[in-house]
Amino acid sequence: MAKVKITIPEILECKNNGKKFKMITVYDFPMAGIVDRSAAELILVGDSLGMVIQGHDGTIPVNLEDILYHLKLVRRGAPNTFVVGDMPFLSYQVNRDEAIRNAGTLLKAGADCVKMEGDIKIAATVKAVVDAGIPVMGHIGLTPQTAAMMGGFKVQGKSAEAAEKLLEAAIAIDNAGVFAMVLECMPAALCKLITERVKCATISVGGGKDCTGHNLNAYDLVGIFDKFVPKFVKQYAQMGPQMVEAFDTWCKEIDDGTFPEEKHCFTMNDEDLKRLY
């Protein structure tokens with residue numbers, strides 16, 4: 001039976017029925033197709049492509065055109081999966097009109113919603129985008145676009161004061177109309193409290209078990225991206241080393257003459273071949 005794309009009301013219903021939805025971050029057609037054949041309900045086309053695909057140290061260099069390019073690839077590969085389009089740095093911070101325009105551009109390219117990082121300061125912008133008819137997923141805690149202001153990629157909300165600010169931010173973003181929000185690199189107890197206090201669905205990225213759903217990057221899940229492995233990542237395969245082994249085996253077989261075999265070659269009629277000589 002073909003997979004049926006989950007809807008926003010069904011995502012919200014997960015909060016009531018206890019079902020945990022799953023979101024996997026991917027950036028291209030073949031990986032999206034694999035997720036589309038899996039049990040995961042959502043795909044995030046994240047600005048983390050700056051690190052995973054482009055080789056940068058962070059997400060700041062990613063622009064709207066980068067997200068649009070990868071979003072279109074993922075949409076074609078995963079027609080039956082709910083796709084979240086990340087709004088990169090400066091695509092929504094300048095003014096609300098620009099935020100609405102850029103969010104709408106992502107929807108036209110195939111996104112089912114957009115994701116916006118930020119705390120209480122972006123609540124008004126979130127509301128403006130939602131009021132324009134564009135579904136928004138929030139993102140608080142460790143927000144990579146502003147990681148420099150946080151002293152790097154560190155756990156957020158560990159002190160009572162910091163936790164209170166994140167709770168206030170979650171409530172503000174929730175009241176602005178997000179249907180879901182990512183809680184990244186935050187204490188599990190704080191994520192549980194936020195999940196209880198907000199109306200929207202919550203998504204754990206290093207936020208413990210009590211959120212409504214979970215998100216991990218496909219390249220982390222299968223062990224392809226090895227520049228660094230966050231504490232919250234569990235690798236379910238080591239495909240990076242396996243791929244290197246496959247490449248090396250191919251190279252060796254070329255060197256020793258065992259590749260290509262006859263079955264890998266095309267033939268032509270003997271009479272036609274004689275004419276060439």
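Computed from a prediction, not measured in an experiment: that's the story for all the values here.
Shown are Thr249, Asp248, Asp256; of these, the side-chain hydrogen bond (donor to acceptor under 3.5 Å, both in side chains) with Lys252 is made only by Asp256. Of the listed residues (Thr81, Leu71, Thr25, Val84), just one forms a side chain to side chain contact (heavy atoms under 4.5 Å, CB included) with Ile43, and that residue is Thr81. Of the listed residues (His214, Lys20, His139, Met23), just one forms a side chain to side chain contact (heavy atoms under 4.5 Å, CB included) with Ile203, and that residue is Met23.
Taking hydrophobic clusters as Ile, Leu, Val, Met, Phe, Trp and Tyr residues chained together by side-chain heavy-atom distances below 4.5 Å, Val182 does not share a cluster with Ile120. At a threshold of 4.5 Å between side-chain heavy atoms, the hydrophobic network of Ile, Leu, Val, Met, Phe, Trp and Tyr places Met31 and Leu73 in two separate groups.
With rounding to the nearest 0.5 Å, the separation of CD in Gln93 from CE in Met116 is 7.5 Å. Between atom OG1 of residue Thr195 and atom CG of residue Leu190 there is a gap of 9.0 Å, rounded to the nearest 0.5 Å. Atom CG of Leu64 sits about 11.0 Å away from atom CG of Asp86, to the nearest 0.5 Å.
Between Asp112 and Pro135, the closest side-chain pair of non-hydrogen atoms is not below 4.5 Å. With contacts defined as side-chain heavy-atom distances shorter than 4.5 Å, the pair Asn102/Leu106 does not qualify. Between Pro88 and Asp66 the shortest side-chain heavy-atom distance does not fall below 4.5 Å. The shortest distance between side-chain heavy atoms of Ile67 and Leu49 falls below 4.5 Å. Between Met186 and Ile194, the closest side-chain pair of non-hydrogen atoms falls below 4.5 Å. Residues Leu216 and Phe232 meet the side-chain proximity criterion, which asks for heavy atoms closer than 4.5 Å. When side chains are defined from C-beta on, Lys165 does not count as touching Asp119, because their heavy atoms never get closer than 4.5 Å. A 4.5 Å side-chain heavy-atom check between Asp131 and Ile100 finds every atom pair outside the cut-off.
Checked by atom type and distance alone, the side chain of Asp174 never pairs as donor or acceptor with a backbone atom of Ala170 at under 3.5 Å. Between the side chain of Asn175 and the backbone N or O of Ile171 there is at least one donor-acceptor pair closer than 3.5 Å.
Nearest approach of Val83 to Ala78, heavy atoms of both residues: CG2-O, 4.4 Å. Between Ala123 and Ala176, the closest heavy-atom pair is O-CB, 3.3 Å.
A salt bridge is absent between Glu271 and Arg275: the closest approach of a Lys/Arg side-chain nitrogen to an acidic carboxylate oxygen does not fall below 4.0 angstrom.
For Ser48 and Tyr27, the side-chain atoms include at least one donor-acceptor pair closer than 3.5 Å.
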